[in-house]
There are 2 protein chains.
Amino acid sequence: MTEQSDSSVKRAREGSGRAKLEEVAQRSGVSTATVSRAFNTPEKVSPETRERIFATARALGWVPNAAGRALASNRTHIAGVIIPTLDNEIFSHQVGAMQSVFAEHGLNLLIACSNYDPELGLQQARAMIERGVEALAMAGETHPAALFDDLDRLALPYVLTYAYRPGAPYAMVGFDNEAAFSRMTRYLIDLGHRRFAVVMQPNVNNDRVQARLRGIEQTLGEAGLSLAPDALIIGKASLDFGIACAAKLAALPADCRPTAIICGNDTLALGVQMGLTRAGFCVPGDFSVTGFDDLELSSRVTPALTTMFVDNKDIGRLAAEQLVHCLTGRIEKPQSRQVDVSLRLRESTAAPSTGRLG
Amino acid sequence: MTEQSDSSVKRAREGSGRAKLEEVAQRSGVSTATVSRAFNTPEKVSPETRERIFATARALGWVPNAAGRALASNRTHIAGVIIPTLDNEIFSHQVGAMQSVFAEHGLNLLIACSNYDPELGLQQARAMIERGVEALAMAGETHPAALFDDLDRLALPYVLTYAYRPGAPYAMVGFDNEAAFSRMTRYLIDLGHRRFAVVMQPNVNNDRVQARLRGIEQTLGEAGLSLAPDALIIGKASLDFGIACAAKLAALPADCRPTAIICGNDTLALGVQMGLTRAGFCVPGDFSVTGFDDLELSSRVTPALTTMFVDNKDIGRLAAEQLVHCLTGRIEKPQSRQVDVSLRLRESTAAPSTGRLG
DNA sequence: TTGTATGCGTTATCAG
DNA sequence: CTGATAACGCATACAA
């Protein structure tokens with residue numbers, strides 16, 4: 001009985017079907033350890049056997065099995081990034097730069113989009129963790145507490161991008177959105193503007209946009225100004241929405257019409273400019289308009305758009321570098337990095353023609 | 001001695017440090033097999049034990065180890081995509097759509113950029129293969145033969161996107177670039193244009209652009225026309241390059257100046273329109289201009305741009321679906337899918353004012 | 001420089 | 001419905 005069951009070997013489970021390291025070893029007349037070393041620490045193997053191993057591996061078309069390798073070495077060489085959407089170039093540029101940095105260090109990049117839904121982001125993050133990501137980058141800081149808990153408990157290095165908040169309890173690579181919009185607002189106030197309108201992308205689940213609104217309202221408040229209820233318009237960051245907002249603002253009675261329109265990004269601002277022009281108004285004669293991002297187009301249109309330049313590729317690069325340094329042991333945990341934004345003053349802003357100064 | 005060596009267990013290699021399934025099993029008073037079943041085939045486990053297992057797993061903060069799982073199940077649940085760059089929205093939109101489809105099917109997506117360098121693309125693909133991707137999507141068909149060899153040998157499902165060529169030996173999800181530009185050229189010829197210029201993005205290592213140029217030249221040839229040597233300008237697909245090209249073309253003597261300018265994409269076309277306007281010319285009065293892609297902006301500018309709409313998200317979605325179906329066994333191998341492009345006739349094209357018809 | 005032996009964490013097979 | 005146990009493919013401590 002026992003002999004019977006001993007000899008009648010259970011049929012082996014189906015493997016990957018691909019050649020395995022063991023076969024390379026056999027055909028090379030060496031042990032599996034030597035083959036492993038030949039690929040991972042070539043200097044520890046004599047040149048002749050090394051070449052022989054490489055040759056048979058090539059002949060067999062051997063590809064190391066990631067799972068086996070990961071299980072034995074406890075490394076997956078995979079990082080992850082979670083952004084709201086790839087349809088916005090501010091994120092696609094960040095991701096592109098990250099991928100480039102990771103690739104230089106032998107890391108592959110998993111990507112997922114949350115569609116601005118924190119719960120979906122949490123799901124995506126957990127899926128990535130189950131795939132064994134060694135580090136994670138995520139846009140913004142609006143994430144469920146459960147996500148931060150998971151990451152901390154697993155001691156997984158992570159950075160938050162595009163935003164920067166002094167004193168944040170995690171690493172952030174980006175800029176202070178509140179300060180940036182405060183600065184833009186200040187600039188317009190100093191030009192003499194007193195009546196403002198704001199055209200902004202949706203602020204739900206978006207800490208960056210929320211910070212921007214805070215920056216604007218706070219700065220207006222400090223100057224004794226405020227935003228009229230119908231002067232804050234929020235909607236999809238599209239050209240069309242910008243055009244529609246312009247029409248709405250242009251239709252206001254002259255005495256409560258804003259003289260300055262602060263837009264959440266260049267797309268909205270360009271739309272607003274178009275809409276104002278269509279309505280027969282001049283920029284900056286009748287309205288000053290500002291954007292954010294500094295798209296290539298923004299400096300080429302007429303009038304050229306006053307906006308704020310953000311180097312998204314730099315953000316991506318710096319964020320990835322923090323994670324890489326962390327994985328290579330160069331630093332203990334990812335550090336925050338503040339990136340500069342620069343105000344680009346162009347033709348779309350000027351002193352209000354009918355400005356009542358004070 | 002033996003007892004000694006038996007009891008003094010070799011210090012176990014450092015594990016992941018995270019809780020493992022075995023611990024969940026012990027604390028739940030069941031075997032590892034049952035825990036595994038509880039998560040993978042819950043219906044095969046009694047409700048009580050199942051809940052007990054879930055509870056202890058949660059308490060321990062257990063996260064299944066991807067490597068162990070992959071090794072045992074021979075599945076990684078990871079797909080990959082390789083594109084030239086994320087800086088071009090035609091690719092970022094494709095990738096976004098793919099990721100969405102993959103996520104719906106429990107697949108994570110690895111992403112890499114080749115920078116239009118086939119050798120780099122090969123490296124990226126091989127890296128992904130070593131990470132265990134179960135399927136691969138790649139833009140275009142300009143890839144080293146070695147890559148196709150590897151994929152075929154490993155029987156890895158793959159699709160090529162954005163291009164479609166009847167009779168291709170692999171699955172392609174996209175459109176016929178040659179036919180699309182042939183159609184655009186035909187349209188301009190039919191309007192009465194006889195002198196053409198082409199402003200195109202770089203064609204090296206880019207089968208899509210090469211096909212476009214073939215489409216244009218072939219169609220011109222059939223009409224007994226041809227492109228003057230200095231009427232084909234190739235360079236970076238930026239607004240600035242478009243502007244520069246316009247300046248160059250505008251400076252030609254009137255009798256050999258083109259009346260129609262075919263651009264490789266909307267960015268170039270918008271640049272050309274700007275450049276022509278700056279040079280004091282009218283569109284379409286002096287020049288007809290066409291683009292490709294149909295950006296949101298293209299229909300909003302003045303004059304609105306005649307261009308070709310391509311649904312890049314649909315391409316991404318269809319490509320991912322082919323791969324998913326393949327992995328789920330619904331189809332044997334990925335199938336080609338041709339997506340429609342649509343000509344959007346707008347204000348930037350008209351019959352040439354000084355057209356010498358034949 | 002090389003080989004031996006074992007562990008990495010999970011799933012799948014089979015017996016019960 | 002559950003348990004025991006053998007794979008899965010590779011890397012590494014240790015011995016030689």
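A note on names: the letters A, B, ... follow the listed sequences, proteins ahead of strands, and every chain is numbered from 1.
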Look at the side chain of [X] and decide which nucleotide, out of [options], has an atom nearest to it.
X       : options                : value
A/Lys20 : C/dC8, C/dT2, D/dC8    : D/dC8
A/Ala33 : C/dG3, D/dC10, C/dT10  : C/dG3
A/Leu21 : C/dC14, C/dT10, D/dC10 : D/dC10
B/Leu71 : D/dT2, D/dG9, C/dA5    : D/dG9
B/Ser46 : D/dC1, C/dT4, D/dT5    : D/dC1

- Message: Can you work out whether B/Arg50 or B/Asn74 has the more 5'-proximal nearest nucleotide on DNA chain D?
- Response: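 Its nearest nucleotide lies further toward 5', so the answer is B/Arg50.
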For a quick check of understanding: with a heavy-atom distance under 4.0 Å over all strands, which category does [X] fall into, base, sugar-phosphate or nothing?
X       : result
A/Val45 : sugar-phosphate
A/Glu23 : nothing
A/Val30 : sugar-phosphate
A/Gly29 : sugar-phosphate

Below 4.0 angstrom from OP1 or OP2 of [N], is there any side-chain N or O of [X]?
X       : N      : result
A/Ser73 : D/dT12 : no
B/Thr32 : C/dT10 : no
A/Asn40 : D/dA11 : yes
A/Arg69 : D/dG9  : no
A/Ser36 : D/dT12 : no

- Parallel, tilted or perpendicular, as decided by the 30° and 60° cut-offs, for the rings of B/Tyr116 and B/Phe91: perpendicular
Anything under 3.5 Å between a donor and an acceptor, one on a side chain of residues 139-148 of chain A, the other on a protein residue two or more places apart or in another chain? List them.
unit_1: A/Glu141; atom_1: OE1; unit_2: A/Arg165; atom_2: NE; d: 3.3
unit_1: A/Glu141; atom_1: OE1; unit_2: A/Arg165; atom_2: NH2; d: 2.9
unit_1: A/Glu141; atom_1: OE1; unit_2: A/Tyr170; atom_2: OH; d: 2.5
unit_1: A/Glu141; atom_1: OE2; unit_2: A/Arg165; atom_2: NE; d: 2.8
unit_1: A/Thr142; atom_1: OG1; unit_2: A/Asp207; atom_2: N; d: 3.2
unit_1: A/Thr142; atom_1: OG1; unit_2: A/Asp207; atom_2: OD1; d: 2.6
unit_1: A/His143; atom_1: NE2; unit_2: A/Ala139; atom_2: O; d: 3.2
unit_1: A/His143; atom_1: NE2; unit_2: A/Gly140; atom_2: O; d: 2.9

- Under 3.5 Å, is there an N or O donor on one side and an acceptor on the other linking the side chain of A/Arg18 and the base of D/dG9?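 No, no donor-acceptor pair under 3.5 Å.
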Could you check how far [atom1] of [X] sits from [atom2] of [N], rounded to whole Å?
X        : N      : atom1 : atom2 : result
A/Arg37  : C/dT1  : CZ    : C1'   : 8 Å
B/Arg131 : D/dG9  : CZ    : C1'   : 15 Å
B/Glu22  : C/dT10 : CD    : P     : 9 Å
B/Lys44  : D/dT2  : NZ    : C1'   : 12 Å
B/Phe39  : C/dA12 : CZ    : P     : 15 Å
A/Gln26  : C/dT2  : CD    : P     : 18 Å
A/Glu130 : C/dT10 : CD    : C1'   : 13 Å
A/Arg75  : C/dG7  : CZ    : P     : 24 Å

- Do side-chain atoms of A/Gln99 reach the backbone of B/Ala112 as a donor and acceptor pair under 3.5 angstrom? no
- Task: Indicate yes or no for a side-chain donor-acceptor contact from B/Glu134 to the backbone of B/Thr76 under 3.5 Å, with no hydrogens or angles considered.
- Result: yes
- Query: How large an angle, rounded to 10°, do the end axes of the helix from C/dT1-D/dA16 to C/dG16-D/dC1 enclose when each is built from five base pairs?
  - Reply: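 Answer for the end axes of this duplex: 30°.
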- Task: Please report the C-alpha distance between A/Asn65 and A/Lys20 in whole Å, then the side-chain angles of each, then the deciding distance to 0.1 Å, and finally whether the side-chain contact (heavy atoms from CB on, under 4.5 Å) criterion is met.
- Result: CA-CA 8 Å; A/Asn65 178 300; A/Lys20 40 200 281 194; over 6 Å; no
- Message: Minimum heavy-atom separation for B/Arg18 and B/Val63, please, with both atom names.
- Response: NH2-CG1, 3.8 Å
- Query: Is there a donor-acceptor contact under 3.5 Å linking the side chains of B/Gln124 and B/Ser114?
  - Reply: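 Short answer, no.
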- Side chain proximity check, A/Val45 to A/Val30, heavy atoms < 4.5 angstrom: no
- Message: Applying salt bridge (charged side-chain N to carboxylate O under 4.0 Å, His left out), can you list everything that pairs with B/Glu119, at least two apart in sequence or on another chain?
- Response: none
